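Have a look at the structure below before the remarks.
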Amino acid sequence: QVHLVESGGGLVQAGGSLRLSCAASGRTFSNFGMGWFRQAPGKEREFVAAITWNGVSTLYADSVKGRFTISRDNTKNTLYLQMNSLKPEDTAVYYCAAHRGRVYSSRPADFGSWGQGTQVTVSS
């Protein structure tokens, strides 16, 4: 398994920006596609964005397309999520996850390792 630790969450006003980071250890980071998911209170965990092992291909939920950017630095074993033009409905705990293979998907069941999450709160 890959050990994942998220950071960078916090409180921001609507329209603001945050950058989340996810530090990986334990297995070769570049062997895995990666993803970001989020879960708001009382709601199910939902897909946000995903990226292939080499960073060439990305996938986004419609709700964040054009505002969020997923990226990775395999030399630093780190995954990022740049979040711009934040909205109150983006408020959630954000989780990074390692896919079971080198590809990506939007299905939580395809991801075998998860971080503990970081809280993002967007005030109106």
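What you are looking at is a predicted structure, and each value in this text was computed from that prediction instead of being measured. What's counted below: heavy atoms across the whole structure, side chains too, no hydrogens, waters or symmetry copies.
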ask   = Does Q116 CD have over 12 foreign heavy atoms under 6.0 Å away?
value = yes
key: Over 12 non-hydrogen atoms of neighbours within 6.0 angstrom of CZ in R102   = yes
Within the 4.5 Å heavy-atom criterion, are [X] and [Y] side-chain neighbours or not?
{"X": "L20", "Y": "T118", "answer": "yes"}
{"X": "R67", "Y": "K87", "answer": "yes"}
{"X": "C22", "Y": "Y80", "answer": "no"}

Quick check on the 6.0 Å ring-centre criterion: do [X] and [Y] meet it?
{"X": "F37", "Y": "Y95", "answer": "no"}
{"X": "F68", "Y": "W36", "answer": "no"}
{"X": "F32", "Y": "H99", "answer": "no"}

Short side-chain donor-acceptor distance under 3.5 Å, N74 and S30 = no
Side-chain donor-acceptor contact under 3.5 Å, T78 with D73 = no
request  = Go through D62 and K65 one step at a time and tell me if the salt bridge (Lys or Arg N to Asp or Glu O under 4.0 Å) criterion holds.
outcome  = CA-CA 5 Å; D62 288 344; K65 202 172 294 183; 3.2 Å; yes
query = Is M34 reachable from W114 through a run of hydrophobic residues whose side-chain heavy atoms are each under 4.5 Å from the next?
reply = no
Presence of salt bridge, D110 and R107, under 4.0 angstrom = yes
message = Looking at R72 and T52, would you say the former's side chain and the latter's main chain have a donor-acceptor pair under 3.5 Å?
response = yes
